[in-house]
Amino acid sequence: MAETGKITKQSEDFPAWYQDVIREGDLAEVAKIVKGCMVIKPHGYAIWEKIQADLDRRFKETGHRNAYFPLLIPMSFIKKEAEHVEGFAPEIAVVTHAGGKPLPEDEQYCIRPTSETIIGHFFAKWISSYRDLPLLINQWANVMRWELHTRMFLRTTEFLWQEGHTAHATHEDALAEVARMLDVYGDFAQEMMAMPVIRGVKTDSEKFAGALETRCIEAMMRDGRALQAGTSHDLGQNFGKAFDVKFQTEKGREEYVWQTSWGVSTRLVGALIMTHSDDSGLILPPALAPVQAVIVPIYKKEEERAQVVEAAQKLAADIRKKGICVEVDDRDGKRPGDKYYEWERKGVPVRIEIGPRDIASGEAMTKLRLSDGKEKMRMDTLAAELPGTLAGFQRFLYERAWKFREDNTVVLNTWDEFREVFGESGGSKFAWCHWDGTRETEALIKEETKVTIRCIPLEGQGPAPEDGTCIRTGRPSRQRVLMARSY
RNA sequence: CGGGGUGUAGCGCAGCCUGGUAGCGCGCCAGCUUUGGGAGCUGGAUGUCGAAGGUUCAAAUCCUUUCGCCCCGACCA
């Protein structure tokens, strides 16, 4: 880790850069006293709150309601769905003692790694008729997975997320839900995070433990690696059968429900950092920036200070009327240059400087987080123009991220090309390649190159389907899949 | 679990080889001067030197034991 106050260059050491941006942006720190856990500091948590607020609105607009289930899940529950146990058992933390006594093995709890099982249990109690369906529930919660290697926001032992859990009368309904929620995530990523994503289907070996199918959104980080930014699972009747979630159909027949689950986590904050930020620190898309604009008053003498701060407060009030979150940084004893650096590292999109000269001329200096120069703007029209400026900034970030991804996406046809692109350096690109569809080939490629199949693109999300031959084995393939090194 | 490293002020580190009053940078506090891109000067506060035991007149330093953390090789939102 670099010394405090310095940010390692992205091009020199990407992981160090990432840590530095988080520290200098005052987003979070490693808890240290609790293995693998992090403390999300106010500025970082404020970003998560903005993410939550917008997603929550989208969930409610699509008919879901929030609920909350226990943090502790009986160990016996986890074991009920065979693939689910197998997938999660190694990373589960278990409560073995309570009330000052050891718990018998059959009374032990695990701290939820995800809630399909306990929610399945309650769905069984709540659902008896087709009239109870669909049941559309979302939970905002923390979960815990005992990971070997942790990285702030991307993979920590405890993390915050939302998990949607729904039950439907038919597989068709459930599949529509899976698709709908994947689109909610995809739209959110693109509209709010200014992060282009590829929507696709996971291969069998990458899908959620216990699901029939997992759909995902995959984004490219600025080192070319892929980040899974959200998932939506078709659980089929697997959990329905394991937890006996049955309902009576209109015709009086008894059937198991079809379930889905879907989630995004605080990992999105990591995605935000690695999609937009630069060597000066964090860059936030205006739509998710807790502070969208900051006003720095500049003064020398006391009487100037009073005058300048007053003008800044008045401008701030005008800006707030436009629905923009603005802060006046009138902290005394900290010089303007110092403040500039601080707000830059915190990713604030727009900075406005007001000094005696500006008050005299009726203008203010504005600086966008991404441009080098400053621009003079009339103070009386600034508030009116700011929403447009922010919208333009948001659009610019999306387009820049899009172009970066396009520039780092390749279509590969031979294994030699593949080995060249994914060399020893550990770098990555998005590569569209043919794959023979077998788990064995996928594992072989992963072992040889650490490259994985990120997803099989949904229609329109990748190259149009075409017959070809597997990049590794030469066997026939019907469609190209997305390959990359990933987080 | 195997290999390597490290524990000294809030943070980052030096001191250890060759035992002798615990130091540096940043940060923090106070005052003055400053304030349109990371301020300067002066003064100040802060430590059971990871823990336990031993050797010694004397241990951060030498010896023994122990604990924690970090990095590299087997899982993943």
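Predicted model only: the values in this text are computed from it and were never measured. Scope of the values below: all heavy atoms of this structure, side chains included, with no hydrogens, waters or symmetry mates. Lettering follows sequence order; numbering is per chain, from 1.
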S.K.: With the side chain of A:Gln228 defined as its heavy atoms from C-beta on, choose the nearest nucleotide among B:U35, B:G36, B:A77.
M.R.: B:A77
S.K.: Under 4.0 Å between a Lys/Arg side-chain N and an Asp/Glu carboxylate O for A:Arg23 and A:Glu29?
M.R.: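 Judged by the 4.0 Å cut-off on N to carboxylate O distance, A:Arg23 and A:Glu29 do not form a salt bridge.
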S.K.: As a test of reading the structure: which of B:A77, B:G37, B:C75 is closest to the side chain of A:Tyr340, going by heavy atoms?
M.R.: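 The answer is B:G37, which lies nearest to the side chain.
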S.K.: Taking for each residue the nucleotide of RNA chain B with the nearest heavy atom, is it A:Leu154 or A:Val30 whose nucleotide lies nearer the 5' end?
M.R.: A:Val30
S.K.: Can you tell me which residue pairs pass the side-chain hydrogen bond (donor to acceptor under 3.5 Å, both in side chains) test with a partner in residues 290-307 of chain A, sequence neighbours excluded?
M.R.: A:Tyr299-A:Arg305, A:Tyr299-A:Asp332
S.K.: Let me know, please, whether A:Ser265 or A:Thr150 comes out on the 5' side of the other along RNA chain B by nearest nucleotide.
M.R.: A:Thr150
S.K.: The side chain of A:Lys374 is closest to which nucleotide in this list: B:A77, B:G37, B:G36?
M.R.: B:G37
S.K.: Among all residues two or more places apart in sequence or in another chain, which pass the side chain to side chain donor-acceptor pair (under 3.5 Å) test with A:Gln228?
M.R.: A:Lys202
S.K.: Should the pair A:Lys367-A:Glu375 be classified as a salt bridge under the 4.0 Å nitrogen-to-oxygen rule?
M.R.: no
S.K.: Check every atom of B:A39, B:G36, B:A77 against the side chain of A:Asp338 and return the nucleotide holding the closest atom.
M.R.: B:A39
S.K.: Tell me which nucleotide among B:A77, B:G36, B:A39 gets nearest to the side chain of A:Ile298.
M.R.: B:G36
S.K.: Considering only atom C1', compute the distance from B:A60 to B:G20 and round it to an integer number of Å.
M.R.: 13 Å
S.K.: Measure from the side-chain heavy atoms of A:Tyr299 and tell me the nearest of B:G36, B:U35, B:A77.
M.R.: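 Of the options given, the side chain of A:Tyr299 lies nearest B:U35.
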S.K.: What about A:Arg335: does its side chain form a donor-acceptor pair under 3.5 Å with the base of B:G36?
M.R.: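 No pair found.
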S.K.: Quantified in whole Å, what is the P atom distance between nucleotide B:G10 and nucleotide B:G4?
M.R.: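 About 32 Å, rounded to a whole number of Å.
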